[in-house]
Engineer: 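After the structure tokens below, expect a handful of questions from me.
Because the structure is a prediction, the values reported are computed rather than measured. In each ligand, atom 1 is the first atom listed, and ligand 1 is the first ligand listed.
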Amino acid sequence: MKVTSAEFVKGIRGTNEIAVNGIPHVAFVGRSNVGKSSIIANIVHDKSLVKVSNTPGKTREINFFLINKKTYLVDLPGYGYARVNPTEKEKLQKLILWYLTDPTIRPKKVVVVLDARVGVTAFDTQMFQILTEQQHPFCVVANKIDKLSQKELRPVLEEIQLAAGGAEVFPTSAIQPNGTKHLVESLFT
Ligand SMILES: Nc1nc2c(ncn2[C@@H]2O[C@H](COP(=O)(O)OP(=O)(O)OP(=O)(O)O)[C@@H](O)[C@H]2O)c(=O)[nH]1
Ligand SMILES: [Mg+2]
């Protein structure tokens with residue numbers, strides 16, 4: 001299936017009707033700067049719709065995009081970025097945890113995005129644990145593969161596979177035109 005329509009609906013910082021209105025969610029989580037917003041921009045073919053920046057910690061709210069008038073793509077703030085001030089960092093962490101643990105919010109799929117050059121960090125391992133505990137179906141994306149050779153990529157994918165248990169792993173490049181093709185096919189078909 002193709003993405004034929006995408007619109008930004010709302011950014012939230014806590015309990016909001018939009019999170020529980022019955023429209024299914026596909027939610028993107030991951031460390032700051034791994035490329036969550038860029039992947040969403042690539043999926044929706046419209047960079048102006050999603051805030052992408054060189055400044056890590058750009059996404060400060062939980063942003064809801066309505067795709068094909070029937071699914072929310074949910075862009076979560078990044079976790080674990082040290083240079084955001086401590087109060088703000090704690091707020092963002094609470095916001096992410098709220099989204100993932102509130103019993104009324106049941107995402108259809110959570111997409112954990114990693115930077116393929118960095119591999120699996122302690123934050124990611126913790127995220128896999130939370131998602132498993134919460135029984136959220138999840139998959140993993142190894143992004144920025146344009147920065148690696150095929151030879152460098154293989155062991156990274158194996159490492160991710162191992163750390164993520166049985167979860168499916170998608171290599172992506174958000175800066176290439178077809179760089180999220182397999183992921184899109186899996187999420188929307
Ligand atoms: N080379 C390369 N750069 C990428 C790729 N994806 C994202 N980037 C760059 O990485 C930086 C961070 O991208 P964002 O999409 O803002 O990252 P994010 O995960 O949403 O960050 P937060 O909102 O802070 O959590 C930007 O400079 C992007 O252009 C990719 O696949 N390849
Ligand atoms: Mg972002």
Side-chain angles (χ1 to χ4, degrees), residues 3 6-13 25-65 67 72-100 107 109-124 126-128 130-131 138-150 152-154 156-157 160 169-187:
V3 173
E7 65 181 291
F8 174 72
V9 186
K10 202 192 251 297
I12 67 171
R13 299 208 62 161
H25 300 186
V26 174
F28 285 71
V29 300
R31 277 186 320 112
S32 193
N33 213 38
V34 293
K36 296 175 294 299
S37 299
S38 303
I39 289 171
I40 294 174
N42 184 291
I43 290 174
V44 304
H45 309 292
D46 183 357
K47 297 190 185 340
S48 64
L49 210 58
V50 189
K51 290 175 195 133
V52 176
S53 150
N54 285 316
T55 317
K58 181 75 181 174
T59 306
R60 300 290 175 96
E61 300 186 312
I62 300 179
N63 288 318
F64 285 74
F65 302 88
I67 306 299
Y72 284 135
L73 269 198
V74 181
D75 189 13
L76 288 156
Y79 48 81
Y81 188 69
R83 253 190 278 169
V84 175
N85 83 60
T87 320
E88 179 69 6
K89 195 173 147 188
E90 203 186 309
K91 265 195 210 156
L92 292 180
Q93 268 159 12
K94 277 201 182 133
L95 187 60
I96 299 163
L97 267 182
W98 162 72
Y99 179 87
L100 293 174
K109 185 79 104 182
V110 177
V111 181
V112 182
V113 183
L114 314 180
D115 183 332
R117 294 170 306 177
V118 178
V120 181
T121 69
F123 287 111
D124 303 316
Q126 214 178 354
M127 184 53 65
F128 297 148
I130 293 169
L131 296 173
F138 68 95
C139 65
V140 185
V141 163
N143 190 40
K144 308 198 185 184
I145 60 166
D146 53 282
K147 301 266 193 183
L148 293 179
S149 68
Q150 282 295 331
E152 291 167 322
L153 182 60
R154 194 171 310 128
V156 175
L157 294 180
I160 296 171
V169 182
F170 298 90
T172 63
S173 168
I175 62 164
Q176 288 167 343
N178 273 323
T180 61
K181 190 166 177 277
H182 297 297
L183 178 67
V184 173
E185 282 166 5
S186 160
L187 293 179

Engineer: Does a sphere of radius 6.0 Å around CZ in Arg154 hold more than 12 heavy atoms from other residues, nucleotides or ligands, not counting ones at 6.0 Å or beyond?
Structural biologist: no
Engineer: Return the OG to CG distance between Ser38 and Asn143, rounded to the nearest 0.5 Å.
Structural biologist: 7.0 Å
Engineer: Would Ser173 count as a contact of ligand 1 if the rule is a heavy atom under 4.0 Å away?
Structural biologist: yes
Engineer: Of Ser38, Ala116, Pro171, which has the heavy atom at the shortest distance from atom 28 (C) of ligand 1?
Structural biologist: Ser38
Engineer: For Ile145 and ligand 1, does the shortest N/O to N/O distance drop below 3.5 Å?
Structural biologist: no
Engineer: Heavy-atom pairs closer than 4.0 Å: do any link ligand 1 to the side chain of Lys147, the backbone, both, or neither?
Structural biologist: side chain
Engineer: Testing the 3.5 Å rule here: is there a donor-acceptor pair between the side chains of Asn63 and Tyr72?
Structural biologist: no
Engineer: Taking the side chain as every heavy atom from C-beta outward, state whether Val120 and Phe128 have any pair of such atoms under 4.5 Å apart.
Structural biologist: yes
Engineer: Taking 2.8 Å as the cut-off, does an N/O/S atom of Ser37 lie below it from the Mg ion (ligand 2)?
Structural biologist: yes
Engineer: Out of Ile175, Asp75, Thr59, whose heavy atom sits nearest atom 23 (O) of ligand 1?
Structural biologist: Thr59
Engineer: Let me confirm one number: the CZ-CZ distance from Phe64 to Phe8, rounded to the nearest 0.5 Å.
Structural biologist: 10.0 Å
Engineer: List every atom of ligand 1 that sits less than 4.0 Å from any heavy atom of Gly78, numbering the atoms from 1 in the order shown and giving each element.
Structural biologist: 25 (O)
Engineer: Would you mind listing which atoms of ligand 1 come within a distance below 4.0 Å of any non-hydrogen atom of Ala174?
Structural biologist: 6 (N), 30 (C), 31 (O)
Engineer: Just checking, any donor-acceptor pair under 3.5 angstrom between side chains of Thr172 and Thr180?
Structural biologist: no
Engineer: Any N/O/S of Thr59 under 2.8 Å from the Mg ion (ligand 2)?
Structural biologist: yes
Engineer: For Asp146, which part has a heavy atom under 4.0 Å from ligand 1: side chain, backbone, both, or neither?
Structural biologist: side chain
Engineer: Heavy atoms, side chains only, cut-off 4.5 Å: are Leu95 and Pro77 in contact?
Structural biologist: yes
